[in-house]
Amino acid sequence: MPKVVYTEEFRRTAVELVAGGMSQKQVCADMGCSKSALQSWIRAAKLEEHGIEPAKDAEESREQAKMLRRIRELEQENKVLREAAAYLSQANLKLGGASPK
């Protein structure tokens with residue numbers, strides 16, 4: 001079976017549809033691409049979003065997958081810390097507002 005070559009615009013459109021909330025399965029069915037191809041385009045888009053050039057070989061690709069997992073973990077930790085700081089600052093304002101005279 002011959003290898004299908006997709007244009008950059010086609011790939012970008014598929015990734016944008018998934019980012020917009022459409023399921024990968026539906027995008028694959030609508031656009032006629034394989035799920036593995038779509039997943040690799042999504043991974044490449046995430047890497048480029050963080051300023052990382054997608055890998056060409058398997059070993060480097062594994063390293064980049066680890067980097068993406070770590071980035072995702074750090075982003076979640078930062079979100080929790082921001083929410084905790086906001087909660088604590090609100091609690092402090094409530095306690096500080098009832099000062100005795």
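In this text the structure is predicted, and so the values were computed from the model without any measurement.
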Nearest atoms (heavy-atom pairs only) where [X] meets [Y]:
X     : Y     : value
Val15 : Leu38 : N-CD1, 4.5 Å
Gln64 : Ala55 : OE1-N, 2.9 Å
Gly32 : Tyr6  : O-OH, 3.4 Å
Pro54 : Ala44 : CG-CB, 3.8 Å

Query raised in the report: Near Glu9 CD, under 6.0 Å, is it more than 12 heavy atoms from other residues, nucleotides or ligands?
Result: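 Open.
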Would a single hydrophobic cluster contain both [Y] and [X], if residues Ile, Leu, Val, Met, Phe, Trp and Tyr are joined by side-chain heavy-atom contacts under 4.5 Å?
X     : Y     : answer
Leu81 : Tyr87 : no
Val27 : Val4  : yes
Leu47 : Ile42 : no

Query raised in the report: Once you round to the nearest 0.5 Å, how far does CZ of Arg11 lie from CD of Glu8?
Result: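 Answer for the CZ-CD pair, Arg11 versus Glu8, is 5.0 Å.
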Query raised in the report: Taking atom SG of Cys28 and atom CD of Gln39, what is their separation to the nearest 0.5 Å?
Result: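 The CD atom of Gln39 is 7.5 Å from SG of Cys28, to the nearest 0.5 Å.
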Report task. Verify side-chain contact (heavy atoms from CB on, under 4.5 Å) between Arg69 and Arg72, making sure each step is shown before the conclusion. Result -> CA-CA 5 Å; Arg69 280 191 296 274; Arg72 191 170 35 252; 3.4 Å; yes
Is a salt bridge present between [X] and [Y], judged by a nitrogen-to-oxygen distance below 4.0 Å?
X     : Y     : result
Glu73 : Arg70 : yes
Glu63 : Lys66 : yes
Glu59 : Arg62 : yes

With a 4.5 Å limit on heavy-atom distance, are the side chains of [X] and [Y] in contact?
X     : Y     : value
Asp30 : Met22 : yes
Leu68 : His50 : yes
Glu77 : Leu74 : yes

Report task. Decide side-chain contact (heavy atoms from CB on, under 4.5 Å) for Met31 and Leu17; before the verdict, give the C-alpha distance in whole Å, the side-chain angles of both, and the deciding distance to 0.1 Å. Result -> CA-CA 10 Å; Met31 299 190 76; Leu17 288 172; 3.7 Å; yes
